[in-house]
Protein chains: 2
Amino acid sequence: MKLVQPTCALKAKGSQSLFSCLTPDQLEKVQQHTCQFYKKGQPIFQEESVPTGVFCISDGLVKVTKLGSNGKEQILRIAKPGDFVGYKSLIKGNRYRASAIAIEDSSICLIPKAIFMELLHENVAFYQQIVHLLCDEIDNAESKLTDIAYKPVRGRIAEALLLLDKAFEDKEQITLTREDLAGLVGTVKETAIRIISEFKHEKLIEINKRSIKIINPDGLVKISHLYD
Amino acid sequence: MKLVQPTCALKAKGSQSLFSCLTPDQLEKVQQHTCQFYKKGQPIFQEESVPTGVFCISDGLVKVTKLGSNGKEQILRIAKPGDFVGYKSLIKGNRYRASAIAIEDSSICLIPKAIFMELLHENVAFYQQIVHLLCDEIDNAESKLTDIAYKPVRGRIAEALLLLDKAFEDKEQITLTREDLAGLVGTVKETAIRIISEFKHEKLIEINKRSIKIINPDGLVKISHLYD
DNA sequence: CGATCACTTGATAATCCTCAATCCTTGTGG
DNA sequence: CCACAAGGATTGAGGATTATCAAGTGATCG
């Protein structure tokens, strides 16, 4: 287990960062804790386990997943550097309702429960930021819910690719397992592969090895809205 | 427009109620406002419109919906007496992301934005309750998301009936349009009807006129978990 | 350089949606 | 109180979408 200096606070950009509203004292308290290294594929926490703190992605990429029928994996969201994971269960005081798994080698900072709760109570602005994050998660989940219910897989994959493009912006291309992409839009690997292949033939995307590069975003937008 | 004395605070039971943590002063401020009557089918607010306050269901039943592809309607949740609707958009300060429509004749109390925000800032316990509601909504949406992604319609309808049974407990039977039931589980009217009909033949439910009564909950539980 | 993991493709089948016609229920106006 | 209109419920046939299963191929890593 490699230990790295925490850089979470720096990763989160400007006023977007949850940490931007902390006092120097509070910031220091958070930064005392060290990041831990997680290998690709390694779980950060598991559905139904008891929360120990909030995780802040310092580097890497993490999928937040929920187990569905047939043991299939629904990906709720993908957390990037600067993102937080696991705070909802801490606030509610119940077990995790989802798992978090590194999908790239990652370094992730743990803010222990006690410290997080302290911050929540001490710092109203911080609390409000968290509440806004919660609201965003609701919007996100409810939009996704509606999409999965009524939008065909083709439209959902087009949409997912556009969203992923932002998450992977610095890399210029999307490196996600076909299986994870499928989990993200609620379908199976094979269906995802077939549709990606269609997109390639339609010159909407390019594929290098395994990673996807969008070359015609407008085309994808059109497909993703095709059924509105 | 009939005006009725507000009874929201009473409808919400015991410590479950959001109002239970208000001071007498605050409670009075809330109760000054009168309920408004909404006929079955009448909208309370519409997706994309600007919030004016929080709605508290005093009597009746309200569906919270989101428009999906093909103009199909996804029902996010059904609000009962004592439930609140529309607070998320107020907190985030954006437009409604969903519509609310009365599915029974209802009387609904509007707590104006200014008063709600005042309560939020004055009363930490109240704020915390709201935050817990937000967390519950996330859990709810994410579970539903996972179900719709991977659980067959049959399982989802079984599950929905079990959940609705609680919402309709005092009535002893479920009175919901087949179309609304379909919207709740993310399918179309006809499919919902066929599955309900199966359940009837399998002696899991009974149907009087249009309303559904569960006679074998365990059977439905089994079906709803069939694909876990 | 063999083994493992990811990707791909095809054939087949299950699930679910669409369209269309009909029946039943409820409410309304005469 | 009845007839009729309107909306909800139902059923059938057909087709589109998507999942499953099986059998590979290509990439990556110790």
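Keep in mind it's a predicted model, so treat the numbers as computed, not measured. Every chain is numbered from 1 and lettered A, B, ... according to where its sequence line falls, protein lines coming before strand lines.
For the OP1/OP2 pair of D:dT20 and a distance below 4.0 Å, the side-chain nitrogens and oxygens of A:Lys72 include at least one atom meeting the criterion. Applying the 4.0 Å criterion to OP1 and OP2 of D:dT18, one finds that A:Thr191 has every side-chain N and O outside that range. In terms of phosphate contacts, B:Arg178 brings a side-chain nitrogen or oxygen within less than 4.0 Å of OP1 or OP2 of D:dT10. Contact annotation: A:Thr187 side-chain N/O to D:dT18 OP1/OP2 distance is not under 4.0 Å.
A:Glu47 contributes a side-chain N or O that, together with a main-chain N or O of A:Leu67, makes up a donor-acceptor pair within less than 3.5 Å.
In this structure, the NZ atom of A:Lys40 is 12 Å from the P atom of D:dG30, given to the nearest Å. The distance from atom CG of A:Asn70 to atom P of D:dT18 is 17 Å, rounded to the nearest whole Å. Between B:Lys189 atom NZ and D:dT10 atom C1' the separation is 10 Å, expressed in whole Å. Rounded to an integer number of Å, the gap from CZ of B:Arg210 to P of C:dT25 is 8 Å. Rounded to an integer number of Å, the gap from CD of A:Glu73 to P of D:dA19 is 16 Å. Taking atom NZ of B:Lys151 as the reference point, atom C1' of C:dT15 lies 16 Å away to the nearest angstrom. Residue A:Glu198 contributes atom CD, which lies 12 Å from atom C1' of D:dT17 at whole-angstrom precision. When the P atom of D:dA19 is taken as reference, atom CD1 of A:Ile193 falls 13 Å away, rounded to whole Å.
Taking a cutoff of 4.0 Å between a charged side-chain nitrogen and a carboxylate oxygen, A:Lys222 and A:Glu202 do not qualify as a salt bridge. The existence of a salt bridge linking B:Glu137 and B:Arg97 is excluded, since no basic side-chain nitrogen approaches an acidic carboxylate oxygen closer than 4.0 Å.
For B:Ile195 and A:Ile207, each mapped to the nucleotide of DNA chain C holding its nearest heavy atom, the one lying further toward the 5' end belongs to A:Ile207.
The A:Val153 side chain lies nearest to D:dT18 when the options are C:dC16, D:dT18, C:dT18. Comparing D:dT28, C:dT8, C:dG10 by their nearest atom to the side chain of A:Lys209 picks out D:dT28. You'll find that the side chain of A:Glu190 is closest to D:dA22, out of D:dA22, D:dT10, C:dC7. Side-chain atoms of B:Thr177 lie closest to D:dG8 of the nucleotides D:dG8, D:dT10, C:dT8.
Side-chain contact between B:Asn70 and A:Tyr150 is absent, with no heavy atoms from C-beta onward closer than 4.5 Å.
Interface remark: the A:Arg194 side chain does form a donor-acceptor pair with the D:dT20 base, using a distance-only criterion of under 3.5 Å.
Results of the side-chain hydrogen bond (donor to acceptor under 3.5 Å, both in side chains) test with B:Ser211 over B:Glu172, B:Gln173, B:Glu206 single out B:Gln173 as the only residue that passes.
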